[in-house]
There are 2 protein chains.
Amino acid sequence: MLGPGGSAAMVERGRRRARVVPEEPKRTRAADVAAIAGVSESAVSRTFRDGSVSAHVRQRVLAAARELGYRPNAMAQALLTRRSNVIAILMTTNTNSHFPEVLSALSHAADAHRMRVMLFTVDDPLQVSDVVDQILSYQVDGVLSLTEVPAADARILESQGVELVLYNRARADYAANLVSCDHRAAGRVLGEHLLALGHRDFAMVEGPQRSSLALDRAQGVYDALAEAGIERRAVPVAIGDFGYESGRAGASALLSGKAKVTALVCVSDVMAIGAIDEASSRGLHVPDDLSVAGFDGVPAGTWDRYRLTTMRQPLPQLADAAIETIVRKLANPTRARETRLLVCDLQIGASTKARAG
Amino acid sequence: MLGPGGSAAMVERGRRRARVVPEEPKRTRAADVAAIAGVSESAVSRTFRDGSVSAHVRQRVLAAARELGYRPNAMAQALLTRRSNVIAILMTTNTNSHFPEVLSALSHAADAHRMRVMLFTVDDPLQVSDVVDQILSYQVDGVLSLTEVPAADARILESQGVELVLYNRARADYAANLVSCDHRAAGRVLGEHLLALGHRDFAMVEGPQRSSLALDRAQGVYDALAEAGIERRAVPVAIGDFGYESGRAGASALLSGKAKVTALVCVSDVMAIGAIDEASSRGLHVPDDLSVAGFDGVPAGTWDRYRLTTMRQPLPQLADAAIETIVRKLANPTRARETRLLVCDLQIGASTKARAG
DNA sequence: TTGAAAGCGTTACCAT
DNA sequence: ATGGTAACGCTTTCAA
């Protein structure tokens, strides 16, 4: 089947001038494969893409490719087709939230669409414009942002025809694709759960005012309380940063305040865990003296010491939806912008309990 | 300073034949910038690279580039220079260990060298060969693997001139660059610490037998014990998978065994945390009745409920070293393969204590 | 179905 | 210092 000898013989490269690059093992190109297979470069290309090739040609090409260890050069493909099959993930280095776990999920989801994921980190959302240049330079097909994107940067991406999807925020002050948990609805569910347990004396550890996720979760809780006739003003509040220490500090402030508290809601699990530890160290028993609940569904929440009641985010589904949103828009550019909200589910643990008395 | 009108005027594209790609906003190329600035493409290229250009030309080019929103096309650069400035991160989807946190650190470290990081996930180390094709296809400059790489795949990468660095394993059954904590040394330090506290009755929750990291940590502990005259055979052992439940299960088996145990070492923090919870639920008090120690330095270990004694990995340094190893090899291809071992430091928490009596 | 050839956007060689 | 131009490896149009 193969040519005589069957051994690899590189096509001689047409280098009229001395070429740029130093040694390095020559990477085999389509032309090499074509030469061995006795077909044209076009045939090689067609074999590795959609192409209409006769079974005979395909076979010869595949055999030659295998022999030479040929793989199409994605950079050259990208240059020509203007599709890199790369999705940029934009994130902040501050990893307080549990989003690092999200990355594996995203990479995995991208895999299913034969897409690659490229990481772009920035220390602060305000510096996003610095990496936008990088992102555009790499001709990525889409951007998935785990952090805020200033309107100006969003506009630049749009003007370059790069899809932008905002991850886990249910709203933005400009038009964008959104893939998020419905945090407000989740807050409402959690609030209703605690109300159903008979709680009336709430306190909250909220998040940074810039975080729409934190705001929405809190708002959802307030929605539920309002329906039960509990005014927002009546709820003591502390502000945290999603981290353990801030949860402790928040709980400390709230529990040493004058207001009676039987239910403490934190807008992240890690803060809730901190709150539980703080309560314990004050001699309060969770859930007998105090119910504590969080949001996210982090693994630590299921540990025996916490058994946290929480609104769990469907991480894999979220990742799938985010990638899929980009992929679909790529396949059909006329598609409208979309917002996909996924529901969180209530995980009832042992950190909440019917109100005593 | 600028040409008359000053407004963007695209260079007409020389499309003799109808071209391939549909609408999409035209991306501006070096030629466009050159036309506006009234210089050659070469001048544009030189401005954006090392190049020797007069201040005058540089200024004009920069102005034109700004006006048009020009950014060099990294794909075209990669095609020509054979340097993509991309590092592939190879990992398994199984995120039991705390390595997801490593990704941000790696991306950040790569940033410092103007390198990008691309993620390649695989469900199982045995499937690595499936992604090797993808990796090579993208012309990455180097591969950093957070998981095992079968020798065959390592060989393929090497034959293509792609640097391979194995992360957090101190040895491999083939020649490779290694950047790792010195897990064995860490094990020894931890063992010595417990011995110094007077412990003689040890038990271990080890890791998967395939994990060199787990093996090395355990071996280090045994090294220390041996020096104190404690035989390895005398130490009861359970096998875990780095996860919380396996830590609990391991502790459960060990604590219900006949052997007396005053010091329990787990080869990961998360297992140690599980062990602490298990001990507690059995009415054992840590550290009074039992000292527990782990490895890694995960954030949860510092939580008030655990205050775990652990050997902390220097994550940022590890990431820096890994990226740097690739970058240096790229800058100087004749550089020899290297192994860089970083030391972990002992974090003494409240989970270990001098042996009672 | 197949092959020839143009061209994607850039860089570095060469000549000026 | 500057400009012209071949080439990087591939895909797709067009013609056969």
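All heavy atoms count here, side chains included; hydrogens, waters and symmetry mates do not. Just so it is clear, the structure is predicted and the values come from calculations on it, not from any experiment. Order of the sequence lines fixes the chain letters, A, B, ..., with proteins taken first and strands second; residue numbering starts at 1 for each chain.
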Donor-acceptor pair under 3.5 Å, [X] side chain vs [N] base:
X       : N      : value
B:Ser45 : C:dA12 : no
A:Arg71 : D:dG9  : no
A:Thr81 : D:dT12 : no

How close or far is atom [atom2] of [N] from atom [atom1] of [X], stated in whole angstroms?
X       : N      : atom1 : atom2 : answer
B:Leu68 : C:dG9  : CG    : P     : 14 Å
B:Asp32 : C:dT10 : CG    : C1'   : 13 Å
A:Arg58 : C:dT2  : CZ    : P     : 11 Å
B:Arg60 : D:dA1  : CZ    : C1'   : 16 Å
A:Glu41 : C:dA6  : CD    : P     : 13 Å
A:Asp50 : C:dT2  : CG    : C1'   : 15 Å

So does [X] get a side-chain nitrogen or oxygen closer than 4.0 Å to the phosphate oxygens (OP1/OP2) of [N]?
X       : N      : answer
A:Arg49 : D:dT12 : yes
B:Arg82 : D:dG9  : yes
B:Gln77 : C:dT10 : no
A:Arg29 : D:dC10 : no

Distance check, rounded to the nearest 0.5 Å: [X] atom [atom1] versus [Y] atom [atom2]?
X        : Y        : atom1 : atom2 : answer
B:Lys329 : B:Glu324 : NZ    : CD    : 14.5 Å
B:Ser54  : B:Arg60  : OG    : CZ    : 10.5 Å
A:Leu164 : A:Leu144 : CG    : CG    : 8.5 Å
B:Leu106 : B:Leu318 : CG    : CG    : 8.5 Å

Q. Toward the 5' end of DNA chain D, which comes first, B:Leu79 or B:Ala55, by nearest nucleotide?
A.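 Residue closer to the 5' terminus by nearest nucleotide: B:Ala55.
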Q) Between B:Val39 and B:Gln139, who's closer to the 5' end of DNA chain D by nearest nucleotide? A)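 First, find each residue's nearest nucleotide; the 5'-ward one identifies B:Val39.
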Q. Does the side chain of B:His113 pick up a donor-acceptor pair with the side chain of B:Asn85 at under 3.5 Å?
A.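 No - no donor-acceptor pair under 3.5 Å links their side chains.
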From [options], nucleotide with atom closest to [X] side chain:
X       : options               : value
A:Ser40 : D:dC10, C:dG3, D:dG4  : C:dG3
B:Asn73 : C:dT10, C:dT2, C:dG3  : C:dT10
B:Leu80 : D:dA1, C:dT11, D:dC10 : C:dT11

Which part of the nucleic acid, if any, lies within reach of [X] when heavy atoms closer than 4.0 Å are counted: base, sugar-phosphate only, or nothing?
X       : value
A:Tyr70 : sugar-phosphate
A:Val44 : nothing
B:Ser54 : sugar-phosphate

Q: Starting from the 5' end of DNA chain C, give me the residue, B:Arg46 or B:Ala76, whose nearest nucleotide shows up first.
A: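 Going by which nucleotide is closer to the 5' end, it is B:Ala76.
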**Q.** Exercise: identify the closest heavy-atom pair between A:Met115 and A:Val86
**A.**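 What the structure gives for the nearest pair is SD-N, 4.2 Å.
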